[in-house]
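Chain A is the first sequence line, chain B the second, and so forth, proteins listed ahead of strands; every chain is numbered from 1.
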Protein chains: 2
Amino acid sequence: MVVPRAGRRPATSAGELEHVALRMFDERGFDETTVEDIAAAAGIGRRTFFRYYASKNDAAWGDFDSQLGRMRAALAATPPAVGVLDALRTAILDFNRYPAAEAVWHRRRMVLILRTPALTAHSTLRYAGWRAVVADFVAARTGAAPGDLIPQAVAGAFLGVALAAYEQWLADDRAELQALLDTALTLLSTGLRLP
Amino acid sequence: MVVPRAGRRPATSAGELEHVALRMFDERGFDETTVEDIAAAAGIGRRTFFRYYASKNDAAWGDFDSQLGRMRAALAATPPAVGVLDALRTAILDFNRYPAAEAVWHRRRMVLILRTPALTAHSTLRYAGWRAVVADFVAARTGAAPGDLIPQAVAGAFLGVALAAYEQWLADDRAELQALLDTALTLLSTGLRLP
DNA sequence: CGTTATTGTGGCACCCGGTGCCACTAGTCT
DNA sequence: AGACTAGTGGCACCGGGTGCCACAATAACG
């Protein structure tokens, strides 16, 4: 299904590069793996690496932004009868549901991101997109502007508790991500009433 | 009141360096100011700069960590009769109250941090300390461990809404930070019930 | 078929943040 | 005067990231 276009063909793909990078990060560590190493392993030049990913950090994240589109669509498709907070909780749970096969890699990636300071820092920039999805939905539902305090605060709160759930998940092998997320997200609807 | 110690005296101080850096960042922009520029303006060598601040980012933040000690102490001193959430709201409001003179610089610094991608990213690492203060307090009050889901989730939620309030403050010159923070923080206690 | 337009590659040189090393400077103490 | 000590800063190096540009590979056209 490759439409023939003019010009030389790409030497690799973002997905393949991401895989190579992720495996090397996992084996040697993020800081111990240079971009040159990754490029060499993928059979491309260092310069070319930066045409696929704007930074070494971005390679660890993959195409997160396009995934966000899924969540945005899911929220938009929520029937109006469902409350705002319930809709968000459901959508976030769905967004973080992975088939068993992918789950292993997902966990590995999240360990990497949440335990490597450079990646943790960088992640803030990615979360901005996530928050925007939530804020836009809240705004649409409440008639506020997406940039207003309420939608932004709600988005920030949801992100905050979701990340806490993720941390717990990574800390304990046997924990269930969905259960942790559900507990954390529900906490918001109940005014942080501590059970 | 300088106690004479052995050895050469420091050429400057962290505070002075922070001031020089902050002014230059404000005038030229963060990315347009190199460490060499700052060092030269402060009359020290580039190498020496990194003895005062571990990174260029850190210079923009100043001694945030020591400020956190204040918040921790304020929380610890809260009478047990005051509810957890109320205690947190009060402490956070206090922590972000600045005398008029300092307020101008505080605002300038926050504009810098929240509008410069590199600094926004780095800030995540600083917020970890802030979250720890909140989580520790919640843990102490509820008998949970500081690393447990509930304390961490509460800390994440508070940080999320507080940052949203800050964003609003920066977006509008005439806005009152305290009022915005109060609205955002109260939102948590009321289960994000949208007024 | 050769030519041309197009798309991607990757080497090179450079900038900047950050670090290890080490000689040097400027002090105090005996 | 030494000896000791804390701080300075030059130098060389590493690694991420970028602008530039020649070159490679492919499709389309005459």
Side-chain angles (χ1 to χ4, degrees), chain A residues 1-18 20-22 24-25 28-61 112-113 116-126, chain B residues 1-18 20-22 24-25 28-61 112-113 116-126:
Chain A
M1 202 50 190
V2 176
V3 177
R5 274 178 313 129
R8 182 175 179 167
R9 277 175 238 141
T12 180
S13 70
E16 200 174 327
L17 206 47
E18 182 196 332
V20 171
L22 221 50
M24 295 182 78
F25 291 157
R28 296 196 223 170
F30 184 78
D31 293 326
E32 288 68 35
T33 309
T34 71
V35 171
E36 193 142 13
D37 293 337
I38 304 169
I44 61 172
R46 195 179 95 95
R47 189 65 185 80
T48 302
F49 173 95
F50 288 107
R51 292 227 173 72
Y52 286 88
Y53 286 105
S55 74
K56 186 182 165 184
N57 293 323
D58 287 312
W61 272 92
L112 191 66
I113 289 174
T116 307
L119 285 175
T120 306
H122 180 75
S123 63
T124 309
L125 307 176
R126 296 310 194 92
Chain B
M1 203 50 195
V2 176
V3 177
R5 274 179 314 129
R8 181 175 181 168
R9 275 167 242 146
T12 180
S13 70
E16 201 173 325
L17 205 47
E18 183 196 330
V20 171
L22 221 48
M24 294 181 79
F25 292 155
R28 294 196 224 170
F30 184 78
D31 293 325
E32 288 68 34
T33 309
T34 71
V35 171
E36 193 142 12
D37 292 338
I38 304 169
I44 60 173
R46 195 178 94 96
R47 190 64 184 80
T48 302
F49 173 94
F50 288 107
R51 292 226 174 72
Y52 286 88
Y53 286 105
S55 74
K56 186 183 167 185
N57 293 323
D58 287 312
W61 272 92
L112 191 66
I113 289 174
T116 307
L119 286 175
T120 306
H122 180 75
S123 63
T124 309
L125 307 175
R126 297 311 195 94

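- Taking atom CD on A/E32 and atom C1' on D/dG16, their separation rounds to 15 Å, with Å as the unit.
- Here the side chain of B/K56 is nearest to one of D/dG7, D/dG16, C/dG18, namely C/dG18.
- Across the protein-nucleic acid pair, B/N57 atom CG and C/dC16 atom C1' stand 13 Å apart, rounded to whole Å.
- Annotation: side chain to side chain contact (heavy atoms under 4.5 Å, CB included) contacts of A/T124 (sequence neighbours excluded): B/T120, B/T124.
- Every residue two or more places apart in sequence or in another chain that forms a side chain to side chain contact (heavy atoms under 4.5 Å, CB included) with B/F50 is listed here: B/V35, B/R46, B/R47.
- Atom CG of residue A/D37 and atom CZ of residue A/F49 lie 11.0 Å apart, to the nearest 0.5 angstrom.
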Enumerate all atom pairs, one protein N or O and one N or O from nucleotides 27-30 of chain C, separated by less than 3.5 Å.
from: C/dG27; atom 1: O3'; to: B/R9; atom 2: NH2; distance (Å): 3.3

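- Residue A/E36 contributes atom CD, which lies 8 Å from atom P of D/dG15 at whole-angstrom precision.
- Checked against side chain to side chain contact (heavy atoms under 4.5 Å, CB included), B/S13 has the following partners two or more places apart in sequence or in another chain: B/E16.
- One interatomic measurement links the two molecules: CG of B/D31 to P of D/dG16, which rounds to 19 Å at whole-angstrom precision.
- In this structure, B/R46 atom CZ and D/dG7 atom P are separated by 21 Å, rounded to whole Å.
- Summarising the geometry, the separation between CG on A/D58 and P on D/dG16 is reported as 14 Å, rounded to the nearest angstrom.
- For the pair A/I44 CD1 and D/dA24 P, the computed distance is 19 Å after rounding to whole Å.
- Take A/F30 and apply the ring-ring contact (aromatic ring centres under 6.0 Å, His included) test, not counting sequence neighbours, and it matches A/F25.
- Looking at residues 48-55 of chain B, you'll see B/T48, B/R51, B/Y52 sit with a heavy atom under 4.0 Å from some atom of DNA chain D.
- For the atom pair B/E18 CD and B/T12 OG1, the distance stands at 11.0 Å (nearest 0.5 Å).
- Qualifying side chain to side chain contact (heavy atoms under 4.5 Å, CB included) partners for B/D31, counting only residues two or more places apart in sequence or in other chains: none.
- With sequence neighbours excluded, no residue forms a side chain to side chain donor-acceptor pair (under 3.5 Å) with B/R51.
- Put simply, CG on A/D37 is 13 Å from C1' on D/dC14, counting in whole angstrom units.
- Judged as a ring-ring contact (aromatic ring centres under 6.0 Å, His included), and not counting sequence neighbours, A/Y53 has no contacts.
- Residue B/R47 places no side-chain atom within donor-acceptor reach of the base of D/dG7, judged by atom type and a 3.5 Å distance cut-off alone.
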